[in-house]
Amino acid sequence: MAITVNIYYTGKNGSARQFAREMTDTGVVGRIRQEEGNLRYEYFLPMDDPETVLLIDSWTGQAAIDTHHASPMMAEITALREKYDLHMKVERYRTDEEGAPGDEAFIRR
């Protein structure tokens, strides 16, 4: 069962967007995407909040997340979060393998 973690990074004066840009430009994002068990690592910008960046971070399971958290790369990420003085709100979701009856009527593929 996949686990998806939504992390809302919030700062001031565009610092959350600068953080996401530096994470991407320095190759940290690319390295995370190459880690075993990573399914998705993407930043999104909320339309109504220019001081927040949403990270959607998906993994094959808790063991993959634990390995990522134990990696030296976490020190780089933590240093960048401190550099940009970001605050975080975190949501965790598990993949619903079965789906809910009736949802297909509302999904356009």
Side-chain angles (χ1 to χ4, degrees):
M1 177 179 324
I3 298 173
T4 298
V5 182
N6 290 351
I7 303 174
Y8 298 85
Y9 290 106
T10 302
K12 295 179 182 174
N13 301 314
S15 62
R17 290 180 184 208
Q18 292 168 9
F19 163 80
R21 174 59 49 210
E22 187 166 344
M23 285 281 293
T24 302
D25 290 349
T26 60
V28 174
V29 168
R31 287 185 287 144
I32 292 169
R33 289 177 178 157
Q34 296 302 310
E35 286 184 283
E36 186 173 338
N38 183 262
L39 301 172
R40 182 178 192 186
Y41 196 94
E42 293 183 88
Y43 292 104
F44 294 89
L45 307 175
M47 297 293 290
D48 60 348
D49 184 356
E51 296 301 339
T52 297
V53 170
L54 166 63
L55 168 63
I56 299 179
D57 188 15
S58 288
W59 298 85
T60 54
Q62 189 61 49
I65 293 171
D66 292 344
T67 299
H68 168 65
H69 285 163
S71 74
M73 199 175 332
M74 283 307 299
E76 292 178 67
I77 296 167
T78 301
L80 285 176
R81 285 193 298 228
E82 292 296 319
K83 173 182 176 180
Y84 290 105
D85 191 25
L86 299 179
H87 298 272
M88 300 158 55
K89 177 181 134 188
V90 179
E91 303 169 339
R92 287 176 52 100
Y93 302 95
R94 292 189 179 157
T95 302
D96 181 359
E97 301 294 335
E98 297 177 21
D103 281 356
E104 278 301 315
F106 301 100
I107 299 171
R108 183 175 182 201
R109 298 192 195 273

field: Gap separating the CD1 atom of Ile77 from the CG atom of Leu55, nearest 0.5 angstrom
entry: 9.0 Å
query: Do the ring planes of Tyr41 and His68 sit parallel (below 30°), tilted (30 to 60°) or perpendicular (above 60°)?
result: perpendicular
message: If you count heavy atoms of other groups shown closer than 6.0 angstrom to CZ of Arg31, is the number above 12?
response: yes
query: Considering all heavy atoms of both residues, which atom of Thr52 and which atom of Pro46 are nearest to each other, and what is their separation?
result: O-CD, 3.1 Å
statement: Given the options Glu91, His87, Met88, Tyr8 meets side-chain contact (heavy atoms from CB on, under 4.5 Å) only with Glu91
query: Shared ILVMFWY cluster between Val28 and Tyr9, side chains joined below 4.5 angstrom?
result: yes
- prompt: To the nearest 0.5 Å, how far apart are CG in Asp57 and CD in Glu42?
  reply: 10.5 Å
message: Could you check whether atom CZ of Arg33 has more than 12 heavy atoms from other residues, nucleotides or ligands sitting under 6.0 Å from it?
response: yes
task: State yes or no: do Tyr93 and Phe44 share one hydrophobic cluster built from I, L, V, M, F, W and Y residues joined by side-chain heavy-atom distances below 4.5 Å, directly or via other members?
output: no
- prompt: Do other residues, nucleotides or ligands put more than 12 heavy atoms under 6.0 Å from the CD atom of Glu36?
  reply: no
field: Flag side-chain contact, heavy atom, 4.5 Å: Ile3 against Gln62
entry: yes
query: Do the non-hydrogen side-chain atoms of Leu86 and Thr10 ever get within less than 4.5 Å of each other?
result: no
query: Are side-chain N/O atoms of Glu22 and Tyr84 paired as donor and acceptor at under 3.5 Å?
result: yes
message: Between Ile32 and Met23, is there a side-chain heavy-atom distance shorter than 4.5 Å?
response: yes
- prompt: What about Leu45 and Ile56, same hydrophobic cluster or not, with Ile/Leu/Val/Met/Phe/Trp/Tyr joined at side-chain heavy-atom distances under 4.5 Å?
  reply: no
- prompt: Could you state the interatomic distance from CG (Asn6) to OG (Ser58), rounded to the nearest 0.5 Å?
  reply: 8.0 Å
- prompt: Are Ile7 and Arg81 close enough that some pair of their side-chain heavy atoms sits under 4.5 Å apart?
  reply: no
query: Which atom pair, heavy atoms only, marks the closest approach of Ala64 to Gly37?
result: CB-CA, 3.9 Å
task: Look at the side-chain heavy atoms of Ile, Leu, Val, Met, Phe, Trp and Tyr, link any pair under 4.5 Å apart, and say whether Val90 and Leu80 land in one connected group.
output: yes
message: With heavy-atom distances below 4.5 Å as the criterion, would you say the side chains of Arg17 and Tyr43 are in contact?
response: no
message: Quick check against the 3.5 Å criterion: does Glu51 have a side-chain atom that pairs as donor or acceptor with the backbone of Gly14?
response: yes
